Amino acid sequence: MTTMDRLIGAGVERLDGPAKVRGTAPYAYEQDPGEPICHVAVVQSTVNHGRITRLDPAAAEAMPGVLAVLTPANAPRLGEGLASDLPVLQSLDVHYQGQIVAAVVAESSEIAKAAVGAVVVEYSAAEPDVALSADRPDLYAPEQLMAGFDTDSVIGDVDGALATAAATVDATYSTPTQHNNPIEMHTSMARWDEDRLTLWDANQGPHNIVNDLMTAFGLERGQVRVISPYVGGAFGSKAFTHPNQILAAMAAKVVGRTVVFELTRQQMFSLVGHRTPTIQRVRLGADAEGRLTAISHEVVEHTSRINEFAEQTATATRVLYAAPHRRTTHRLARLDVPPPTIMRAPGETPGLFALESAMDELAHAAGIDPVELRIRNEPERDPERDVPWSSRNLVACLRTGAERFGWAGRDLRPGVREDGRWLVGTGVASATYPARRRKAECRITGHGDGRWTVEIDGSDIGTGAWTALTQIAADALGVELGAIELRIGDSDLPFAGGAGGSTGLASWGSAIVLTARDVRRELDERWGGQLPADGVVVKGEVPGPSPHAQDWSMHAFGAHFVEVRVDRDTGEVRLPRASSVYAAGTIVNARTARSQFLGGFSMGVSMALHEESVVDERFGHYVNHDLAEYHVATNADIGDIDIHWLEEHDAYVNELGIKGIGEIGITGAAAAVANAYWHATGLRVRDLPITPDKYFRELGLG
Ligand code: MOS
């Protein structure tokens with residue numbers, strides 16, 4: 001931090017807020033291409049694994065207003081090399097229920113949807129194979145996990161250490177399939193001008209989508225432009241290209257007009273990914289003082305028949321606590337399910353539910369306060385990589401959180417506090433998420449009149465990045481906020497990776513800071529420190545990960561404290577209050593950061609108590625594929641949440657000391673709720689979500 005930093009840290013209101021509130025910020029569906037728009041609707045497979053034996057589009061084609069019915073028989077051929085779930089309508093083979101098997105392009109969305117019902121499709125199909133279990137004979141070890149993590153890690157002699165431990169836990173936890181449900185459904189509006197494609201699209205990074213469109217349609221860079229200035233949430237589901245973008249571009253090409261394809265809420269349960277279910281066996285061994293001697297975390301999860309998505313579920317276990325003997329493993333089953341994808345803190349979120357529940361169970365077994373147990377197991381260095389921390393303040397988060405929450409004097413015994421009909425308990429869990437940086441480019445234009453344009457293909461998916469990046473740019477250039485015009489969300493802008501892995505601000509912000517440095521140098525060297533009347537244009541970049549990433553372990557940390565009340569008669573769960581404390585490096589915008597922490601935590605509460613995609617194993621589909629039956633936490637479910645963060649200056653992660661905050665809030669949150677539930681009731685629910693039926697099951701009544 002320098003004395004220049006006047007805006008970084010301030011709670012600046014969202015610059016894009018007024019336009020969003022007034023409805024003048026165009027989302028993908030609302031873009032105006034300057035001509036009437038056609039609509040796409042899709043026919044989706046009703047079987048999980050098989051082949052189309054008959055597909056008759058004649059009745060649909062004959063309907064007035066229908067412009068085309070695309071099928072595997074007539075769809076344009078796509079280029080080779082796409083990810084295996086992207087070649088839309090290229091084959092008669094079916095790999096998951098909900099796969100697009102035909103598409104109608106029509107003058108209106110009503111006509112398109114009506115015509116979908118007139119397309120006749122018949123299949124030959126095998127029984128759906130959709131049930132994950134830990135004893136499937138076909139479980140296999142993927143070559144590596146998402147984000148390049150090793151599949152397994154083994155240090156020392158875990159079994160030997162467990163055999164001689166004074167206290168042990170051996171428990172299996174499970175988390176269900178979950179679906180990302182941003183408010184804005186995935187939407188793509190496509191237009192071709194000769195051989196140039198424009199796609200207005202809801203995504204987490206336009207450059208991410210461009211490459212797949214180039215491959216699909218044999219285009220050169222410069223022939224595809226993806227535009228997405230405003231995005232109504234994503235949580236990972238809009239990070240990668242899905243079939244919707246390819247299909248929209250294909251349909252526009254076929255009919256020679258602008259088309260829009262907006263998924264329905266129901267279609268989001270098959271076409272744009274989900275979080276894999278997990279089955280996790282955790283074994284912990286500790287000495288008489290509660291010092292861990294062994295940690296074992298074995299994960300079973302699923303992927304689809306056609307793509308391998310190997311979620312990094314146990315990787316947080318590799319960094320959180322000290323123990324000389326350690327093991328983490330990941331095994332996958334290939335099932336007849338739609339392709340899984342990333343969903344807010346993929347890996348860390350389900351993984352920490354298991355590890356942090358097990359730590360609570362160990363605290364009980366050893367008779368130690370669960371905050372104290374965690375503090376006793378604080379590692380001095382990264383326990384698996386054996387490198388120092390760039391900064392680590394988990395203990396400070398635990399102590400500060402305990403103070404703010406009022407943890408002192410807590411009774412260790414479960415199931416002994418009542419307030420009328422409510423059983424009352426409190427719980428704690430740790431949070432952690434990696435701090436990373438990615439390559440990003442930036443262009444800064446200084447105009448003679450003192451205004452500045454800052455251009456980078458970053459993305460604000462509702463996080464506040466638009467505002468935070470403007471604060472960073474104003475500080476870096478030493479000007480007022482109002483002098484900056486920030487342009488993001490357009491693949492014609494300088495390259496940047498998408499909003500994902502909590503890397504956005506760290507990467508884009510660093511690119512802006514480094515480019516602004518070049519601007520100041522150019523002004524000093526050539527123009528005597530003044531902005532010339534004709535202005536200046538400077539292009540800069542951050543080349544990739546921090547140069548310190550090899551030699552330092554870089555993570556954000558946090559701690560959640562939760563009070564839970566359980567109705568003794570109905571099993572209804574209430575969460576009246578919580579405190580979360582984070583140590584996540586530089587906080588750029590106090591207002592939008594609080595919103596990110598709060599949103600992440602709320603999503604963790606939602607995971608603990610509500611979210612579950614229920615698969616019917618006979619028919620192979622998600623039966624609760626809408627927001628009426630896939631429950632997410634609402635305002636009424638979230639009590640008084642105290643969000644706090646510690647001052648933390650990390651000199652290694654990036655130029656600004658930013659660790660990223662989009663995901664850490666959800667990590668550990670579900671375990672804190674489950675631990676508080678146990679403390680309230682004495683019942684240990686190890687399979688999420690903690691719904692009222694499980695209260696009766698655990699009581700032996702259900
Ligand atoms: Mo986040 S799941 O990396 O978009």
Side-chain angles (χ1 to χ4, degrees), residues 145-149 175 177-186 201-209 228 231-242 245 268 272-278 301 303 307 309-313 315-316 339-353 431-440 457-465 488-489 496-508 545 554-556 584 592-593 595-597 599-604 606-607 611 613 632 658-670:
L145 308 174
M146 275 284 297
F149 285 106
T175 60
T177 298
Q178 298 177 331
H179 279 86
N180 316 43
N181 269 291
I183 292 174
E184 180 199 30
M185 277 80 80
H186 295 58
D201 184 56
N203 62 62
Q204 293 176 233
H207 269 89
N208 281 357
I209 313 299
S228 62
V231 181
F235 309 118
S237 68
K238 292 172 182 164
F240 305 117
T241 311
H242 296 292
Q245 285 113 338
M268 289 180 58
V272 293
H274 61 266
R275 193 198 291 283
T276 176
T278 68
E301 52 199 25
T303 187
N307 81 334
F309 179 86
E311 188 152 319
Q312 66 272 35
T313 304
T315 53
T341 194
I342 58 178
M343 178 167 166
R344 205 168 194 170
E348 288 82 5
T349 296
L352 284 185
F353 165 65
T432 187
Y433 194 79
R436 308 186 191 94
R437 190 183 71 184
R438 294 186 184 141
K439 176 182 166 70
D457 188 24
S459 187
D460 188 329
I461 56 177
T463 56
I488 59 174
S502 296
T503 62
L505 225 48
S507 310
W508 315 326
M554 301 176 176
H555 304 265
T592 57
S595 170
Q596 283 297 291
F597 289 134
F601 177 80
S602 301
M603 208 163 166
S606 195
M607 175 184 193
E611 293 191 45
S613 303
V632 298
I658 291 170
K659 285 186 170 177
I661 57 171
E663 290 164 280
I664 186 164
I666 190 176
T667 72

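Each ligand, and each atom within it, is numbered from 1 in the order the structure gives. Everything numeric here is computed off the predicted structure, so don't read it as measured data.
Using a 4.5 Å heavy-atom cutoff, the side chains of T315 and L145 are in contact. You'll find the side chain of I342 reaches within 4.5 Å of the side chain of F240, heavy atoms only.
With sequence neighbours excluded, the residues that form a side-chain contact (heavy atoms from CB on, under 4.5 Å) with P340 are H274, H302, T303, S304, N307, F309.
Shortest non-hydrogen contact noted between A239 and N208 is O-ND2, 3.2 Å.
The residues E611 and R275 are annotated as not salt-bridged, no charged nitrogen and carboxylate oxygen being separated by less than 4.0 angstrom.
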Pick out the protein N or O atoms lying less than 3.5 Å from any N or O of ligand 1, and list each pair with its distance.
unit_1   : atom_1 : unit_2 : atom_2 : d
ligand 1 : 3 (O)  : G501   : N      : 2.6
ligand 1 : 3 (O)  : E663   : OE2    : 3.2
ligand 1 : 4 (O)  : Q204   : NE2    : 2.8
ligand 1 : 4 (O)  : G236   : N      : 3.2

Give the intermediate values and the outcome of side chain to side chain contact (heavy atoms under 4.5 Å, CB included) for residues Q596 and T463.
CA-CA 7 Å; Q596 283 297 291; T463 56; 3.8 Å; yes

